[in-house]
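Some notes on the structure that comes next.
Keep in mind that what you see is a predicted model, and the values were worked out from it rather than measured.
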Amino acid sequence: MKKRNTITKHDMKRSIQSIYGQLQFVTERLRITETLLNDFIEMEKLEDKFQEYLDGKYKQSEHNES
């Protein structure tokens, strides 16, 4: 008789903790990237230009969907 590979609660807990750790890492990297981008835009004094670009890009996309 073959022995079945059973998944224990400990295995599931360890997997969930691993996924949670990876998610935290990705979230932290995203936060750092966002901060760097915001600091760069501020340093180059491009806030107004960037806002106009985003407004134009996404308003145009919404219009094309209709």
Side-chain angles (χ1 to χ4, degrees):
M1 204 175 201
K2 290 185 178 181
K3 187 175 181 180
R4 292 176 130 185
N5 290 338
T6 59
I7 298 174
T8 64
K9 283 191 243 180
H10 183 67
D11 293 334
M12 291 178 68
K13 183 178 179 182
R14 193 176 12 204
S15 294
I16 291 169
Q17 287 174 335
S18 173
I19 292 169
Y20 182 73
Q22 293 170 3
L23 182 60
Q24 284 183 315
F25 176 76
V26 170
T27 302
E28 183 64 16
R29 293 285 302 259
L30 182 60
R31 187 191 62 77
I32 290 169
T33 303
E34 182 180 10
T35 301
L36 288 172
L37 180 60
N38 286 337
D39 289 347
F40 176 77
I41 291 171
E42 184 179 322
M43 177 185 79
E44 294 292 320
K45 297 178 177 30
L46 299 172
E47 294 96 346
D48 294 335
K49 242 177 144 175
F50 189 60
Q51 186 64 45
E52 287 174 20
Y53 169 77
L54 290 177
D55 288 344
K57 181 177 181 177
Y58 290 108
K59 284 183 182 175
Q60 183 179 11
S61 295
E62 289 173 4
H63 185 265
N64 289 341
E65 291 176 4
S66 297

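- Side-chain contact between R14 and S18 is absent, with no heavy atoms from C-beta onward closer than 4.5 Å.
- In terms of heavy-atom proximity, E42 sits nearest to E47 at CA-OE2, 3.2 Å.
- With hydrophobic clusters built from ILVMFWY side chains whose heavy atoms lie under 4.5 angstrom apart, F50 shares a cluster with Y58.
- Taking CG of L37 as the reference point, atom CD of E34 lies at 8.0 Å (rounded to 0.5 Å).
- Following chains of ILVMFWY side-chain contacts shorter than 4.5 Å, one cannot reach I7 starting from I19, and the two form parts of different hydrophobic clusters.
- With sequence neighbours excluded, the residues satisfying salt bridge (Lys or Arg N to Asp or Glu O under 4.0 Å) with R31 are E28.
- Criterion: ILVMFWY side-chain heavy atoms under 4.5 Å apart, direct or through other members. Under it, F25 and L36 are not part of a common hydrophobic cluster.
- Within 6.0 Å of the CE atom in M43, the count of heavy atoms belonging to other residues, nucleotides or ligands exceeds 12.
- The nearest pair of heavy atoms linking D11 to T6 is OD2-O, 4.0 Å.
- Hydrophobic cluster membership is shared by L54 and L46, with clusters built from Ile, Leu, Val, Met, Phe, Trp and Tyr side chains linked at under 4.5 angstrom.
- The local environment of CG in L23 is crowded, with over 12 non-hydrogen atoms from other residues, nucleotides or ligands closer than 6.0 Å.
- Proximity of a side-chain donor or acceptor of N38 to a complementary backbone N or O of T35 within less than 3.5 Å is not detected.
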